[in-house]
Amino acid sequence: MALYTHHLPRWKRDEVEEIKRGIQEHPVVGIVNMHGIPASQVQDIRRNLRGTARVKMSRNTLIERALNELGGSVADLKEHFEGQSALIFTNENPFRLFKLLEQTKTKMAAKPGEIAPEDIVVPKGPTTFKPGPIVGEFQQVGIPAVIEGGKVKIRETKTVVKKGEVINRKVAGVLSKLGIKPMDVGLALQAAYYRGSVFTPEMLAIDEEACAKKIAFAASQAFNLSVNAAIPTRLTIGAIIGRAVSEARNVGVEAGVYEKDIIDLIIGRARREMLAVALAAQARGFDLDEETLK
Amino acid sequence: MEYIYAALLLHNAGKEITEENVTAVLKSAGVEVQDARVKALVAALEDVNIEEAINRAALAPVAAAAPAAAAAPA
Amino acid sequence: MEYIYAALLLHNAGKEITEENVTAVLKSAGVEVQDARVKALVAALEDVNIEEAINRAALAPVAAAAPAAAAAPA
Amino acid sequence: MEYIYAALLLHNAGKEITEENVTAVLKSAGVEVQDARVKALVAALEDVNIEEAINRAALAPVAAAAPAAAAAPA
Amino acid sequence: MEYIYAALLLHNAGKEITEENVTAVLKSAGVEVQDARVKALVAALEDVNIEEAINRAALAPVAAAAPAAAAAPA
Amino acid sequence: MEYIYAALLLHNAGKEITEENVTAVLKSAGVEVQDARVKALVAALEDVNIEEAINRAALAPVAAAAPAAAAAPA
Amino acid sequence: MEYIYAALLLHNAGKEITEENVTAVLKSAGVEVQDARVKALVAALEDVNIEEAINRAALAPVAAAAPAAAAAPA
């Protein structure tokens, strides 16, 4: 460590110290990739995060040095460096931080050489282009185009780049002409350090819809248990009564207990049985009288 | 369900549903008739409009099923 | 549909559905029996699994009601 | 329905559904018991698997819903 | 469900659903009564319109099945 | 429903559903525990196969009744 | 599902679903609490309308069996 210190110019030394302080003063430290984010958007993001999280941009070498000097498990963050990294400090928990950063993402046009974050689909339908070289450009990237009513029309919906594939120059050009913005641009959280552990994006992405479903599912189970075990609660007593009544009716109808309350159900059941047999008989040549079918 | 079939048979034939008639029909089919069940049946049917019960039975299930489906996505 | 009820009654009573039996049940209910219809019914039901048809009706009232409605104009 | 409730109460309590037991339960609830209805109830339930009957209609509609559609055109 | 049936029996018999009455009915059926369950039941029933719950059950069974199928993929 | 949720939490955690455990869980959630309800809960669950009971659809939900009622006039 | 039940217990008890509260409830049930899961749950529930999710369940309790398989690994 002493070795590093001696060789660092003053401003670098200060920078490293500032990074170390940031890490020590916040429970959560994230690594984000700033690569390809326009400066204007970085400013927007900073503004959106103000009061919640602080973005610290620096050279990767200096961040690495700070992490090395601190040592311990936080240094594991180094393994998640990618592109042009920046640190993000917050007092929020890492899940919340991940969610916040996802929310700051916006859609941008694709640049040649970028990787498609999802299948890029060009929908069929009319365009505003007049006939010209554009038709050839479309065809070169596999988009079937025709001229219709003096305008270029895309004949069928096409997936031009699959998720994970590189977007080449020609495709990028066509997409930009069509105004398709496939890229998610924003601070991508590479990893977050929290209380001795490094969390990856896969661990941090929470599916709220799935969570709501689990809640609903758990509530159903509780409802079922309460009714099936006949444990009355304010919420379920109505259903429990209903169940008991249904059971009693079922038994009564099934066994043919001729009680006033269910005699109409029994009549209905007999009538349905008659109809079922009548229709089966009809299918085999027995003429039903009109009354039967009424 | 024999007893109710006998009753509905009588109803369809335009005959009154009395203990006597129900018993006769059941016997004709070789059923060992239990008086108590006949009595209970006739008593239960006393205040019932059979025609209406039949029509309700035919209509109700279909009608009930439709709104139920609609409620599902809620 | 007296004829069908008579058949169901016999079926439930564990009796065979023969022309003789159906006629006896119908007569016991005061129905003026048409021999041709009895013949047609007995012939038609020969190939019908009544138990299955009944169970289907009991379990699936919706299903039973639907074809009923559809069949109505027939 | 008192009579049926009494029967199910006994069934749930693991007791036999006899005329005597049903009568006792009904009386304890202050019901003026009609012997014929008790007899009819006990007779009707004699050959019935109550556990099955309880669950049959209760569970069946779920399964029935699907074939209902399929059966409709039949 | 014994406790519930006891309550429904009392309700149908026009009697009040009190801890005392429920206990008496359960005992008449030979049930070893647990006071806590009786208390919990009576308390839960205080806020419920039983008649309404019963009527709702009468209407619901058929309809209840349909949303199940629709909701299943959720 | 707190009591039910407490029971399910214990069940899922592989712990026994005893009065003591249920009480502890409820207290940890800041619930003012009523001993009688805990007793009733534990007693009711004694003979219940919880796994089965939670997955078995409970019939006639309150909500399902609403559309049924709408269909009633049919 | 323990974590979900803990959350629902707190919700039903009218308590806030915070990391601290969830942890306390889980511990009271003898669960070895994983900090990260508690955090993930609380963060996820921030944007979930629990009341709505519960009501959705109340409407389609029958459906519970189906998602069971899907939810199991959770």
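Keep in mind that the numbers below use all heavy atoms, side chains included, and drop hydrogens, waters and symmetry copies. Order of the sequence lines sets the chain letters (A, B, ...), proteins ahead of strands, with each chain counted from 1.
In summary, of the residues considered (I4(D), L8(D), V25(D)), a side-chain contact (heavy atoms from CB on, under 4.5 Å) with L9(E) occurs for V25(D) alone.
Other residues, nucleotides and ligands contribute only 12 or fewer heavy atoms inside 6.0 Å of the CD atom of E20(E). More than 12 heavy atoms of other residues, nucleotides or ligands lie within 6.0 Å of CD in E51(E), so this atom counts as buried by the packing criterion.
Atom CD of E2(E) is separated from atom NZ of K15(D) by 9.5 Å, given to the nearest 0.5 angstrom.
When all heavy atoms of A29(D) and A13(E) are compared, the pair lying nearest together is O-CB, 3.8 Å.
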